[in-house]
Amino acid sequence: MDINDLKQSSKYSWQLDPRGHMRVPVVIYGDYDLVAAMDDKVLKQATNVAALPGIVTASYAMPDAHWGYGFPIGGVAAFDADQGGVVSAGGVGFDISCGVRTLRTGLKVADLELNKRILANALYEEIPVGVGSTGRIRLDDAQMDAMLAGGAQWAVAQGWGSAADLERIEEHGTMRDALPNEVSARAKTRQRSEMGTLGSGNHYLEIQEVSEVYDQRTAEVFGLHTGDIVVTIHCGSRGLGHQIGTEHLRDMAQAAHRHGIDLPDRELACAPIHSAQGRGYLGAMRAAINCALANREIITHLTRQVFARVLPDAQLELLYDVSHNTCKLEQHAVNGEIRQLYVHRKGATRAFGPGHPELPAVFRDVGQPVLIGGSMGTASHVLAGNAGNDALSFASACHGAGRSMSRRRATKTWRGREVIDELEERGIIVRSPSMRGIAEEAPDAYKDVDAVVNAADRAGLARKVARVIPLVCIKG
DNA sequence: ATGTTC
């Protein structure tokens, strides 16, 4: 984008003041190079979001932002229901509650040396991955509704997970106020056999090594040390979330006029929070959040079974589980006044700072773990929510590296096999059913995750704690 | 992201 259109509001933020239909400014976080390299559509889409009814403070874009459906991916926007505020299916995205969880293993790099390939093969064997993949679990109607209401707590109660994990999951494992009855039969049918599956696209399961620690005190609280082996799982709500997104985008676009909402872009389809349609979407979306939380818990269970067989000394303990495609009702201070706001984070991670009452006691002093997944073959990062970020981004940070090249262009640029061979030479084992998927996900189709994370850190959104590098990647 | 143009 032409960065000259923006005024630099701090060393790592850029602002567009309200004009035209905008009700609030746009604020984009990043250094000069990151913001200048962003597609024009990021600014256009963030500007459109700034025009939606009931938006509060600003329409934000994180340092990894790129253009998406309606809202930018990497977008954060909060709405006040009592001031005509809206909820937007496009503001959450198709992969509802897509997110990341990281597990500590108690292993060091040397423990993996002999078994790395065996482990990679066993994980690839046991964890269903790829488009349309199904698992061994089948849910009947009653079980489906219980899952959609209970999330990871439900999974644990079924024996697929560990009760100790629950406090280390956002919402303590269960998204409240989910409405399974608002989820269509078609969405439920699509999900019936997909519990405990990774999916495709940018989803993955990685075995990683902690390569650097930046914040010793926080890393100690998180239980991370240089040379530690961790497992990170990135996936979402599979066919169910996608179906809910598809249906509600369509319905919201059709009904916007009836609600008196003038959409600057049809893709920004939304409905008043105080409307049957808004309530219906929120209920279904929360059910999809539970689906994603249950899904990641089940995949964790499968992962533990594989480790128990291959490396019985390992103890997989959850560090934390974060979602980065959600709309959540949260309390935020706006100009000194506490307000209840519906915060959309689309490709943005919640990053509650120290002392936040939602956090489990273990993180109370240091802030929430903010898990940033890199692209395949590159580093990932663990950050911690910063005091004061409430005023910067409704306590949000980036979610990953962010694409810099379209999937289509990536498939014309790389062959999957070559990408895998190159990674293999660097000691990274990749297993995937889709060579096209691998080409789409080639490391260079993404921004530099280290630059993105540095910008988030320096902008004050979240602070760097540790960097991890991949050893094994099971890719969708 | 996605039973990958339902």
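Owing to the predicted nature of the structure, the values given are computational and were not obtained by experimental measurement. Throughout, protein chains are lettered first and strands after them, A, B, ... in sequence-line order, and every chain is numbered starting at 1.
OP1 or OP2 of B:dT2 sits under 4.0 Å from a side-chain N or O of A:Arg238. Not one side-chain nitrogen or oxygen of A:Ser200 sits closer than 4.0 Å to the OP1 or OP2 atom of B:dT4.
Among the atoms of the strands shown, none is found under 4.0 Å from any heavy atom of A:Gly245. Within 4.0 Å of A:Glu194, counting heavy atoms only, lie sugar-phosphate atoms of the nucleic acid but no base atom.
Under the 3.5 Å distance criterion, with hydrogens and angles disregarded, no donor-acceptor pair is assigned to the side chains of A:Glu358 and A:Gln368.
A salt bridge links A:Asp141 and A:Arg192; the closest N-O separation between the charged side-chain nitrogens and carboxylate oxygens is under 4.0 Å.
Near-neighbour residues of DNA chain B inside residues 402-419 of chain A, defined by a heavy atom below 4.0 Å, number-ordered: A:Arg407.
For the side-chain contact (heavy atoms from CB on, under 4.5 Å) test, residues two or more places apart in sequence or in another chain that qualify with A:Asp251 are A:Gln254, A:Gln277. Here A:Arg408 pairs with A:Ser406, A:Lys412 under the side-chain contact (heavy atoms from CB on, under 4.5 Å) rule; sequence neighbours left out.
Side chain A:Arg186 to base B:dC6: a donor-acceptor pair is found below 3.5 Å.
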Using salt bridge (Lys or Arg N to Asp or Glu O under 4.0 Å), reason through A:Glu424 and A:Arg117 one step at a time and then give a plain yes or no.
CA-CA 11 Å; A:Glu424 184 84 31; A:Arg117 202 163 296 275; 2.6 Å; yes

Taking it one step at a time, do A:His344 and A:Phe79 satisfy ring-ring contact (aromatic ring centres under 6.0 Å, His included)?
CA-CA 8 Å; A:His344 294 69; A:Phe79 296 83; 5.1 Å; yes

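Taking atom CD of residue A:Glu247 and atom P of nucleotide B:dT2, one finds them 16 Å apart after rounding to whole Å. Rounded to whole Å, atom P of B:dT2 lies 10 Å from atom CD of A:Gln191. A:Phe94 has its CZ atom 11 Å from the P atom of B:dT5, to the nearest Å. Distance A:Asp251 CG to B:dC6 P: 19 Å, rounded to the nearest Å.
Both A:Glu441 and A:Thr246 lie close to DNA chain B; mapped to their nearest nucleotides by heavy-atom distance, the more 5′-ward contact belongs to A:Glu441.
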